[in-house]
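Computed from a prediction, not measured in an experiment: that's the story for all the values here. Chain A is the first sequence line, chain B the second, and so forth, proteins listed ahead of strands; every chain is numbered from 1.
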Amino acid sequence: MFHQVEKRIADAFAARLKAQFGVDGPVQTEQPKQSSFGELALPAAFQLARSLKKAPKVIAGEVLEAVGKIDGVAAIEIAGNGYLNVRFDRGAFGAAVLAGVQPETTSDAAKIIVEHTNINPNKAAHIGHLRNAILGDTFVRMLRATGSRVEAQNYIDNTGVQVADVVVGFEHLEKKTAAEVRALIADQNVRFDYLCWDLYARTSQYYAEHPEALEWRKDTLHKIEHGEGETAALAHVVADAIVRAHLTTMYRLNIEYDVLPRESEILHLKFWATAFELLKERKAIFFETEGKNKGCWVMPSSAFRTKGDDTPAEDNVDDSKVIVRSNGTVTYVGKDIAYQLWKFGLLGKDFFYHLWHTYPDGHKVWASTTEPQEGAPKFGGGVRVYNVIDSRQSYLQDVVVAGLRALDYQAQADASIHFSYEMVALSPRTCIEMGITLSDEDKKRPYVEVSGRKGLGVKADDLIDTLIAKAYEEVSSRNAEQSEKSRRKAATQIAVGALRYFMLKYTRNSVIAFDFGEALAFTGETGVYVQYATIRTKKILKKFLESGHALPDFAAVLTPEAMARQLENEDCWQSLLDASKMETAIERAVAGGEPSHVARYAFQLAQSFSSFYDKFHVAGEPDPEKQAFLLWLTGYYSEQLERTLGVLGIEVPEYM
RNA sequence: GCGCCCGUAGCUCAGCUGGAUAGAGCAACUGGCUUCGAACCAGUUGGCCGGGAGUUCGAAUCUCUCCGGGCGCACCA
């Protein structure tokens with residue numbers, strides 16, 4: 001609600017400033033530092049000071065004169081050196097919130113693609129992957145909350161080196177056949193993704209000790225890419241099983257996908273061949289005939305390095321990016337360019353799809369396949385693409401975008417957004433707790449990098465399990481009368497809330513040094529705190545109804561006059577304002593591409609309510625009008641808290 | 001060597017496109033459960049915003065520079 005009023009006032013100012021001073025453009029609004037300054041602050045006078053060559057305070061006076069009366073505004077004051085502070089008409093604002101004017105939602109909006117998770121299907125997911133998936137899923141929810149049509153893609157590199165390494169482990173180290181591995185997958189007592197986690201680390205270790213074994217990898221990779229025999233079949237079996245495990249893990253955190261484009265189909269449907277022709281035709285890449293990249297198709301570094309064009313000739317370092325190796329195989333970046341073209345509908349080719357899985361809530365996720373299937377929907381063809389990938393891969397993302405530019409798809413290059421974030425590392429304390437021995441060098445570092453190859457990291461499911469166990473203990477100590485099943489459900493919702501909030505509270509480019517103590521915290525700035533506040537809103541209303549009362553007819557009791565009366569109370573007014581700023585918060589977070597802003601708002605709103613809860617005793621309020629108002633405000637808090645948590649992918653338990 | 005990111009309270013972090021007295025959480029200390037659940041609330045202590053220079057009415061925010069830390073810069077992904 002707040003943002004609609006804010007916009008209306010800004011527009012009114014803009015129109016009148018144009019008439020008076022001939023200045024164009026939108027009027028900037030701010031939140032005043034102190035609530036006593038009013039609801040909106042306009043620094044317009046400062047901006048006009050330069051062109052008008054007058055003191056800001058004088059201009060502010062003239063603006064005030066010119067603006068006159070604006071609907072919904074009770075007063076405008078000049079403050080400081082020239083701020084214009086706007087005070088809302090409280091009664092009108094309250095009445096508008098009560099009427100619940102919803103902004104129109106655009107359902108025919110163009111499609112936005114968000115690609116996230118993208119875990120190599122060769123081992124269990126770890127905390128680093130969780131940050132990616134939670135960030136991506138929350139951004140999807142944010143976009144949808146603002147009316148966008150969004151497609152969530154999870155790219156599966158099922159033919160890459162990492163899968164090959166686990167296949168090598170099974171074939172050469174474990175001497176297992178595809179049938180035996182299938183049996184392992186079917187065995188309920190085996191955590192297949194955990195088994196692969198260890199096997200992958202063991203294979204990497206084996207390569208380090210026996211470099212000649214790298215031949216196995218090369219051979220395996222070749223067989224997988226060409227879909228040959230037992231080895232290729234084994235790779236498919238492993239990758240599919242791990243993808244299922246990942247989707248199960250992510251579903252525990254309320255994360256769902258729409259489509260799983262797989263690398264195997266990119267190969268078999270010859271996406272790359274098509275993209276290759278395009279790149280050659282438009283001279284985006286060239287065949288290198290000398291130097292270290294002799295025999296490769298490369299993209300010149302000038303295409304993706306915007307700065308540093310003053311490289312002296314004497315250096316002579318060839319930092320062109322190889323797209324096609326001298327043996328004729330394509331690199332990851334090449335495939336990614338083809339995939340990115342497909343996402344924009346520019347490739348002139350499409351995948352076919354088969355139903356991969358139906359979630360318990362009925363949502364369906366499709367995977368790419370080579371043959372047409374009855375009833376399969378269409379995917380891809382977005383107007384904007386967000387790739388949620390950690391910042392270490394920004395170099396490769398730059399190359400992909402450069403590929404689009406080289407093909408003269410400028411608009412699409414501009415609409416390709418690397419939604420980057422910093423890595424999740426381990427705090428030294430957590431390493432010690434996990435029994436990881438650190439080198440002296442590592443001990444001095446502020447954090448230690450997670451490594452799948454070394455098997456160094458916290459597995460996602462282990463962390464979730466630990467959180468649930470802790471939450472279950474807390475829930476049980478407070479709600480012994482509840483059934484075990486019900487307590488487990490609440491504990492799970494609390495654990496997921498804690499984890500998602502933990503991953504979201506940091507801004508994207510802040511490195512998270514993962515610490516068990518902080519991740520397991522249930523007090524302070526946590527998802528648990530927000531859930532607790534939300535439960536209290538519901539509890540007030542529930543208890544009120546249980547005591548034999550019926551909720552008043554708010555529209556009848558809270559007339560604009562009554563609303564104005566109640567909102568004279570400063571605490572009530574601030575509460576209403578806080579709760580009305582949800583849309584503003586989400587919109588700003590979307591504009592800034594920063595999910596942490598939503599998390600922060602959720603916390604602030606919960607803080608606001610907790611304070612309100614302490615100040616006002618709704619059930620014991622003797623004045624009927626006041627009580628009606630407090631009940632209404634509690635309900636509003638409740639809705640806004642629950643909706644904000646929904647955007648964060650966090651549920652509200654029945655009790656906790 | 002080149003590129004990107006970070007440096008704000010004892011610790012972990014916010015601070016939106018420059019704006020009014022730089023904010024939270026944790027930790028420490030004080031107070032508050034006979035009242036809609038104390039996973040809570042109210043309060044106290046704690047900061048040359050890494051150093052320096054510049055831009056201007058105004059800089060934690062923009063520019064330059066130096067210092068410290070992290071990550072990239074493969075015919076791996």
Exercise for the section: Report the residue (L396(A) or L84(A)) whose heavy-atom-nearest nucleotide on RNA chain B is the more 5′ of the two. Expected result: L84(A)
Exercise for the section: Select from Q31(A) and M423(A) the residue whose nearest nucleotide in RNA chain B is closer to the 5' end of that strand. Expected result: Q31(A)
Can you tell me the base-pairing partner of [N]? Count Watson-Crick or G-U wobble geometry only, both distances below 3.5 Å, and say none if there is no partner.
{"N": "rC64(B)", "answer": "rG52(B)"}
{"N": "rC29(B)", "answer": "rG43(B)"}
{"N": "rG18(B)", "answer": "none"}
{"N": "rU34(B)", "answer": "none"}
{"N": "rC2(B)", "answer": "rG72(B)"}
{"N": "rA24(B)", "answer": "rU12(B)"}

Practice task
Find out whether the Lys NZ or Arg CZ of K470(A) is both under 6.0 angstrom from the six-membered ring centre of F522(A) and within 45° of the ring's axis.
Solution key: yes
Protein-nucleic acid N or O pairs under 3.5 Å, nucleotides 29-35 of chain B:
residue : atom : partner : partner atom : Å
rU35(B) : O2'  : H617(A) : NE2          : 2.9

Using whole Å, report how far [atom1] of [X] lies from [atom2] of [N].
{"X": "K292(A)", "N": "rC75(B)", "atom1": "NZ", "atom2": "C1'", "value": "10 Å"}
{"X": "D398(A)", "N": "rC5(B)", "atom1": "CG", "atom2": "P", "value": "11 Å"}
{"X": "R478(A)", "N": "rG37(B)", "atom1": "CZ", "atom2": "P", "value": "14 Å"}
{"X": "Y529(A)", "N": "rA39(B)", "atom1": "OH", "atom2": "C1'", "value": "10 Å"}
{"X": "L504(A)", "N": "rA24(B)", "atom1": "CG", "atom2": "C1'", "value": "17 Å"}
{"X": "Y447(A)", "N": "rC11(B)", "atom1": "OH", "atom2": "P", "value": "16 Å"}
{"X": "Y613(A)", "N": "rC36(B)", "atom1": "OH", "atom2": "P", "value": "7 Å"}
{"X": "E594(A)", "N": "rU61(B)", "atom1": "CD", "atom2": "P", "value": "20 Å"}

Handout entry: Y395(A)-rG3(B) aromatic stacking (under 5.5 Å, under 30°)
Key = no
When you compare [N] with [M], how far apart are their [atom1] atoms, in angstrom units rounded to a whole number?
{"N": "rC36(B)", "M": "rC26(B)", "atom1": "P", "answer": "24 Å"}
{"N": "rG15(B)", "M": "rU55(B)", "atom1": "P", "answer": "29 Å"}
{"N": "rA27(B)", "M": "rC13(B)", "atom1": "C1'", "answer": "14 Å"}
{"N": "rC66(B)", "M": "rG1(B)", "atom1": "P", "answer": "11 Å"}
{"N": "rA9(B)", "M": "rA22(B)", "atom1": "P", "answer": "15 Å"}
{"N": "rA20(B)", "M": "rA60(B)", "atom1": "C1'", "answer": "15 Å"}
{"N": "rC5(B)", "M": "rA14(B)", "atom1": "P", "answer": "15 Å"}
{"N": "rG10(B)", "M": "rC71(B)", "atom1": "C1'", "answer": "28 Å"}

Problem - Partner residues of A201(A) under the side-chain contact (heavy atoms from CB on, under 4.5 Å) criterion, sequence neighbours left out - result: none
State which of [options] makes the closest approach to the side chain of [X].
{"X": "N479(A)", "options": "rG37(B), rA20(B), rA39(B)", "result": "rG37(B)"}
{"X": "Q28(A)", "options": "rU17(B), rA20(B), rC75(B)", "result": "rU17(B)"}
{"X": "P32(A)", "options": "rC6(B), rC16(B), rA20(B)", "result": "rA20(B)"}
{"X": "T331(A)", "options": "rC36(B), rA14(B), rC75(B)", "result": "rC75(B)"}
{"X": "I540(A)", "options": "rC36(B), rG37(B), rG69(B)", "result": "rC36(B)"}
{"X": "S610(A)", "options": "rC41(B), rC16(B), rA39(B)", "result": "rC41(B)"}
{"X": "K33(A)", "options": "rG15(B), rC71(B), rA20(B)", "result": "rA20(B)"}
{"X": "N509(A)", "options": "rC6(B), rC36(B), rA39(B)", "result": "rC6(B)"}

What contact category does [X] fall into here, base, sugar-phosphate, or nothing, at under 4.0 angstrom with non-hydrogen atoms?
{"X": "Y506(A)", "answer": "sugar-phosphate"}
{"X": "S326(A)", "answer": "base"}
{"X": "R588(A)", "answer": "base"}
{"X": "F616(A)", "answer": "base"}
{"X": "E518(A)", "answer": "sugar-phosphate"}
{"X": "S391(A)", "answer": "nothing"}

Practice task
Check whether the side chain of N122(A) and the base of rA77(B) form a donor-acceptor pair under 3.5 Å.
Solution key: no
Problem - CD-NE2 distance between Q627(A) and H549(A), expressed to the nearest 0.5 angstrom - result: 6.5 Å
